[in-house]
Enquirer: 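Supplied in structure tokens, the structure appears directly below.
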Amino acid sequence: FTPSSVCAAAPNVPYINSKTAAAIDVSLMDPATSPSYTLPQLMELAGLTVSTAFHKTYPPNNFRHVLVFVGPGNNGGDGLVAARHLKLWGYDVTCVVPKLKDEYFEKLKRQAEDCGCEMLSEEPAAGYASLLTSETVIIDSVFGFSATGPPRAPYDTIVPFLHSTSAPVMAVDIPSGWSVDSGDVNDTKYSPDSLISLTAPKTGSKGFTGRHWLGGRFVPKRFEAEFGIKTEDIYEGAEMVRELTTTSDDAYSVVYVTAPNGDSAQSIASELVSTKTVACVNIIPAVKSVYAWKGKVETDDEVLMMIKTRQERVKDVEKIVKKLHEYETPEVLVVGVEGGSEEYLKWLGESVEKKTKKDKDEE
Ligand SMILES: NC(=O)C1=CN([C@@H]2O[C@H](COP(=O)(O)OP(=O)(O)OC[C@H]3O[C@@H](n4cnc5c(N)ncnc54)[C@H](OP(=O)(O)O)[C@@H]3O)[C@@H](O)[C@H]2O)[C@@H](O)CC1
Ligand SMILES: [K+]
């Protein structure tokens with residue numbers, strides 16, 4: 001058995017401060033360099049990158065609604081572009097857009113609206129919380145690397161809402177309200193569920209503990225020498241993003257389940273794998289099981305499933321097995337994984353969908 005894509009360890013990429021981030025931005029659009037990017041080009045690429053990371057973290061079959069908070073600068077522009085893509089990719093999208101920088105941002109708003117995104121320019125009377133459904137994920141594209149000081153109106157109600165909501169949040173570039181260079185120095189306790197860093201992660205996000213993505217597959221390689229960042233070598237295939245989350249402390253399990261025959265095992269295995277509840281099931285044929293049942297010694301011909309998954313998904317494995325299995329008391333035996341080859345464990349981790357903070361809170 002060979003996994004279709006073996007993932008290498010999360011890359012160790014350099015972090016940059018707000019000054020370097022701004023200098024990179026200027027350099028990308030410097031008309032003296034040939035060819036230089038225009039702002040709309042960069043915004044399209046950044047917005048596509050945000051939506052790609054979002055789709056990987058929150059697939060639309062589980063998270064139908066996206067609530068995008070759009071800020072006054074280019075971070076907000078990224079959010080408007082991402083909103084348009086996500087609507088076209090099957091999500092219901094609501095954008096809160098209190099202010100627009102200029103005519104270009106007006107166009108981005110109209111394009112998103114034209115694709116079906118709902119637009120709000122102010123807080124609903126019942127508060128931002130009234131926009132949440134049980135399937136909402138928020139995009140925080142309020143402030144990026146140029147924000148300084150406490151949020152001013154009208155963001156002085158949006159940012160505290162982001163800090164206090166229990167809905168999962170994906171932050172764009174830096175969690176709004178954190179210092180770009182020093183992180184959560186104001187002790188907001190804001191801890192978004194996920195973060196998509198653009199070009200390079202900012203030093204302020206060093207303490208970030210959720211799922212962390214990097215996107216910037218539009219920055220020329222010459223910037224590596226100039227700004228000390230990493231560019232194209234970190235991305236794989238046609239991917240726009242690379243996950244930076246360290247998975248070294250992830251725990252894995254093997255679950256043993258017996259089934260009466262290969263067909264029965266196959267249907268359970270297909271459900272487990274197709275829902276990304278597990279990475280792999282080995283079906284071992286011709287197992288003879290001897291056991292005591294209702295006072296008698298029984299001997300059965302069975303097959304054995306050896307199921308490999310993340311420890312946090314074991315309960316979901318049990319639920320699916322119990323739903324599909326024809327036995328009254330199917331065997332579900334969990335064994336912890338002590339170790340394994342780094343590449344195989346990385347592949348295993350990537351193949352199983354992680355639980356989000358929301359899933360964990362609901363448990
Ligand atoms: N390099 C890349 O890969 C690319 C980066 N991109 C993205 O651009 C982002 C950086 O964009 P940016 O420079 O426009 O800054 P950002 O923080 O969005 O907005 C600043 C605005 O906020 C305002 N403001 C500031 N503080 C405030 C406060 N306390 N309260 C209220 N308002 C405040 C400030 O207003 P002013 O201070 O001027 O009055 C200004 O209007 C970056 O993080 C990334 O997401 C991509 O789009 C392109 C490719
Ligand atoms: K942000």
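Counting starts at 1 for both ligands and their atoms, in listed order.
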Enquirer: Need the ligand 1 atom indices (1-based, order shown) with element for anything under 4.0 Å from a heavy-atom of Phe218.
Expert: 3 (O)

Enquirer: Are any of the N/O atoms in Ser146 less than 3.5 Å from those in ligand 1?
Expert: yes

Enquirer: Please state which option from Asp25, Asn75, Val70, Leu198 has its nearest heavy atom closest to atom 49 (C) of ligand 1.
Expert: Asp25

Enquirer: Are any of the N/O atoms on Gly76, whether in the backbone or the side chain, positioned under 3.5 angstrom from an N/O atom of ligand 1?
Expert: no

Enquirer: Does any N or O of ligand 1 fall below 3.5 Å from an N or O anywhere on Phe145, backbone included?
Expert: yes

Enquirer: Is there a nitrogen or oxygen of Gly149 sitting under 3.5 Å from a nitrogen or oxygen of ligand 1?
Expert: yes

Enquirer: Any cation-pi pair here, Lys202 with Tyr15, using under 6.0 Å and within 45°?
Expert: no

Enquirer: Sequence neighbours excluded and cut-off under 3.5 Å, please list the side-chain donor-acceptor pairs for residues 120-129, or say none.
Expert:
unit_1: Glu123; atom_1: OE2; unit_2: Tyr128; atom_2: N; d: 3.4

Enquirer: Which atoms of ligand 1 are found less than 4.0 Å from any heavy atom of Thr148?
Expert: 25 (C), 26 (N), 27 (C), 28 (C), 29 (N)

Enquirer: Specify the protein heavy atom at minimum distance from atom 16 (P) of ligand 1: its residue, its atom name, and the distance to 0.1 Å.
Expert: Gly144 N, 3.5 Å

Enquirer: Which protein heavy atom lies closest to atom 23 (C) of ligand 1, and at what distance to 0.1 Å?
Expert: Pro72 CG, 3.7 Å

Enquirer: Please state which option from Asp78, Thr49, Val26 has its nearest heavy atom closest to atom 46 (C) of ligand 1.
Expert: Asp78

Enquirer: I need the protein N, O or S atoms closer than 3.4 Å to the K ion (ligand 2), given as residue plus atom name.
Expert: Asn75 OD1, Asp140 O, Asp140 OD1, Phe143 O, Val172 O, Ile174 O, Ser176 OG

Enquirer: For atom 25 (C) of ligand 1, what is the closest protein heavy atom, and at what distance to 0.1 Å?
Expert: Ala147 CA, 3.5 Å

Enquirer: Is the closest side-chain heavy-atom distance between Phe145 and Ile24 below 4.5 Å?
Expert: no

Enquirer: Could you tell me whether Glu318 and Lys315 make a salt bridge, using a distance below 4.0 angstrom between a side-chain N and a carboxylate O?
Expert: yes

Enquirer: Which of the atoms of ligand 1 are close to Asp173, meaning less than 4.0 Å from one of its heavy atoms?
Expert: 42 (C), 43 (O), 44 (C), 45 (O)

Enquirer: Would you kindly specify which portion of Pro150 sits under 4.0 Å from ligand 1, judged on non-hydrogen atoms: side chain, backbone, both or neither?
Expert: backbone

Enquirer: If you count the atoms of ligand 1 from 1 in the order shown, which ones are under 4.0 Å from a heavy atom of Thr199?
Expert: 1 (N), 2 (C), 3 (O)

Enquirer: Need the ligand 1 atom indices (1-based, order shown) with element for anything under 4.0 Å from a heavy-atom of Gly73.
Expert: 14 (O), 18 (O), 19 (O), 21 (C)

Enquirer: How far is atom 8 (O) of ligand 1 from the closest protein heavy atom, and which atom is that?
Expert: Asn74 CB, 3.2 Å

Enquirer: Would you call Lys221 and Asp233 a salt bridge, using N to O less than 4.0 angstrom?
Expert: yes

Enquirer: After noting the C-alpha distance and the side-chain angles of Val96 and Val70, does the key distance pass the side-chain contact (heavy atoms from CB on, under 4.5 Å) rule?
Expert: CA-CA 6 Å; Val96 177; Val70 177; over 6 Å; no

Enquirer: Nearest protein heavy-atom contact for atom 37 (O) of ligand 1: which residue, which atom, what distance?
Expert: Arg152 NH2, 3.4 Å

